[in-house]
S.K.: 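Got a structure for you, written out below as structure tokens; questions coming shortly.
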Amino acid sequence: MKRIGQDELHALQAKADRHPRGRLNLNLHGEPDDPVQRLLIAMNPGSYVRVHQHPDQWEMLMVVRGAFTLLTFDDERRVLTRSRLQAGNDDPDALLLAELPARTWHTLLCDARQSLFLEVKPGPYTPANARHADWAPSEGSTGVTDLLRFFSGCSVGDKAPG
């Protein structure tokens with residue numbers, strides 16, 4: 001039996017705080033070829049998740065602690081949805097859980113320090129299961145700061161630079 005309590009969440013967050021990407025995951029599944037991938041992900045503001053889609057997989061995100069903004073895009077880089085995901089809040093507009101269908105371009109922004117979410121999707125894991133948007137720069141490259149700035153202030157219908 002796997003057991004995750006506050007001590008494990010704090011340890012994961014402490015590691016994410018020190019990680020250059022500003023986030024870190026704890027795999028709850030045993031192997032990359034498991035039929036269901038389950039990850040706890042600790043994330044901090046400023047961490048960049050490159051816009052991507054899963055061509056053959058749905059993906060579910062559930063907030064455990066903190067707050068996030070989930071953005072989805074069409075094939076022309078236009079923002080389709082902007083959703084706030086937040087734990088422990090009575091805000092009627094905030095979600096606890098979002099499930100994305102396959103082929104949905106998306107990114108996730110962390111809005112509060114010490115935030116964590118649970119990600120669940122079908123396995124097995126292979127790098128081909130994620131396709132990155134060619135207009136979104138890779139992590140660490142020029143343009144990331146400008147794109148994060150766009151993400152933080154964009155509205156539905158806005159077109160991402162690229």
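Excluded from the calculations below are hydrogen atoms, water molecules and symmetry mates; all remaining heavy atoms, backbone and side chain alike, are included.
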S.K.: Apply ring pair (Phe, Tyr, Trp, His ring centres under 6.0 Å) to His106 and list each qualifying residue two or more places apart in sequence or on a separate chain.
M.R.: His52, His54
S.K.: Specify whether Phe151 and Tyr48 have parallel, tilted or perpendicular ring planes, treating 30° as the upper limit for parallel and 60° as the lower limit for perpendicular.
M.R.: parallel
S.K.: So, do Ile4 and Leu26 sit near enough that their side-chain heavy atoms are less than 4.5 Å apart?
M.R.: yes
S.K.: Would Phe68 end up clustered with Leu71 when hydrophobic side chains under 4.5 Å apart are linked, directly or stepwise?
M.R.: no
S.K.: What about Leu85 and Val49, same hydrophobic cluster or not, with Ile/Leu/Val/Met/Phe/Trp/Tyr joined at side-chain heavy-atom distances under 4.5 Å?
M.R.: yes
S.K.: Would you sort out whether Phe73 and Leu80 count as a side chain to side chain contact (heavy atoms under 4.5 Å, CB included), showing the intermediate values?
M.R.: CA-CA 5 Å; Phe73 303 86; Leu80 291 177; 5.6 Å; no
S.K.: Indicate yes or no: at least one non-hydrogen side-chain atom of Pro45 is less than 4.5 angstrom from one of Arg113.
M.R.: yes
S.K.: Please name the pair of heavy atoms, one in Arg50 and one in Ala133, separated by the smallest distance, quoted to 0.1 Å.
M.R.: NH2-O, 3.4 Å
S.K.: Looking at every non-hydrogen atom in both residues, tell me the closest pair between Phe150 and Pro161 and how far apart they are.
M.R.: CG-CD, 3.7 Å
S.K.: From Leu148 CG over to Thr107 OG1, what is the distance, rounded to the nearest 0.5 angstrom?
M.R.: 7.5 Å
S.K.: In Å and rounded to the nearest 0.5 Å, what is the CD to NZ distance from Glu59 to Lys121?
M.R.: 4.5 Å
S.K.: Quick one, Asn129 and Gln37 - any side-chain contact, counting heavy atoms below 4.5 Å?
M.R.: no
S.K.: Do the non-hydrogen side-chain atoms of Ile41 and Leu24 ever get within less than 4.5 Å of each other?
M.R.: no
S.K.: What I want to check is whether the side chains of Thr104 and Thr72 have a donor and an acceptor closer together than 3.5 Å.
M.R.: no
S.K.: Decide side chain to side chain contact (heavy atoms under 4.5 Å, CB included) for Val63 and Leu97; before the verdict, give the C-alpha distance in whole Å, the side-chain angles of both, and the deciding distance to 0.1 Å.
M.R.: CA-CA 6 Å; Val63 180; Leu97 184 145; over 6 Å; no
S.K.: Please give me the minimum heavy-atom distance between Pro55 and Ala102, naming the atom from each residue.
M.R.: O-CB, 3.6 Å
S.K.: Quick one: are Thr81 and Leu70 in side-chain contact, heavy atoms under 4.5 Å?
M.R.: no
S.K.: Consider only side-chain heavy atoms of I, L, V, M, F, W and Y, link residues closer than 4.5 Å, and tell whether Leu100 and Leu118 are in one cluster.
M.R.: no
S.K.: Would you say that Leu40 contacts Leu12 through its side chain, given a criterion of any heavy-atom pair below 4.5 Å between the two side chains?
M.R.: yes
S.K.: Under 3.5 Å, is there a donor-acceptor pair linking the side chains of Asn44 and Ser47?
M.R.: no
S.K.: Does Met43 share a hydrophobic cluster with Val64, counting links as ILVMFWY side-chain heavy atoms below 4.5 Å and allowing steps through other members?
M.R.: no
S.K.: Which pairs pass salt bridge (Lys or Arg N to Asp or Glu O under 4.0 Å) with one or both residues in residues 62-86, sequence neighbours excluded?
M.R.: Arg84-Asp111
S.K.: If the condition is side chain to side chain donor-acceptor pair (under 3.5 Å), which residues does Asn27 pass it with, not counting sequence neighbours?
M.R.: Asn25
S.K.: Quick one: do Leu147 and Val144 end up in the same hydrophobic cluster if we chain Ile, Leu, Val, Met, Phe, Trp and Tyr together by side-chain heavy atoms under 4.5 Å apart?
M.R.: yes
S.K.: Can a donor-acceptor pair be found between the side chains of Arg103 and Gln53 at a distance below 3.5 Å?
M.R.: no
S.K.: Would you check if the side chain of Ser115 reaches a backbone N or O of Ala67 as a donor-acceptor pair within less than 3.5 Å?
M.R.: yes
S.K.: Is the shortest distance from a Lys or Arg side-chain nitrogen in Arg21 or Glu139 to a carboxylate oxygen in the other one below 4.0 Å?
M.R.: yes
S.K.: Do Val120 and Trp58 have side chains that get closer than 4.5 Å, going by heavy atoms?
M.R.: yes
S.K.: Show your reasoning for whether side chain to side chain contact (heavy atoms under 4.5 Å, CB included) applies to Val79 and Ser155.
M.R.: CA-CA 7 Å; Val79 178; Ser155 298; over 6 Å; no
S.K.: Using side chain to side chain contact (heavy atoms under 4.5 Å, CB included), reason through His29 and Leu39 one step at a time and then give a plain yes or no.
M.R.: CA-CA 7 Å; His29 56 280; Leu39 306 90; 4.0 Å; yes
S.K.: Do Asp34 and Pro32 touch side chain to side chain, with heavy atoms closer than 4.5 Å?
M.R.: no
S.K.: When rounded to the nearest 0.5 angstrom, what distance separates CG in Leu116 from CD in Glu8?
M.R.: 12.0 Å
S.K.: Is there a donor-acceptor pair under 3.5 Å between the side chain of Gln57 and the backbone N or O of Pro122?
M.R.: yes
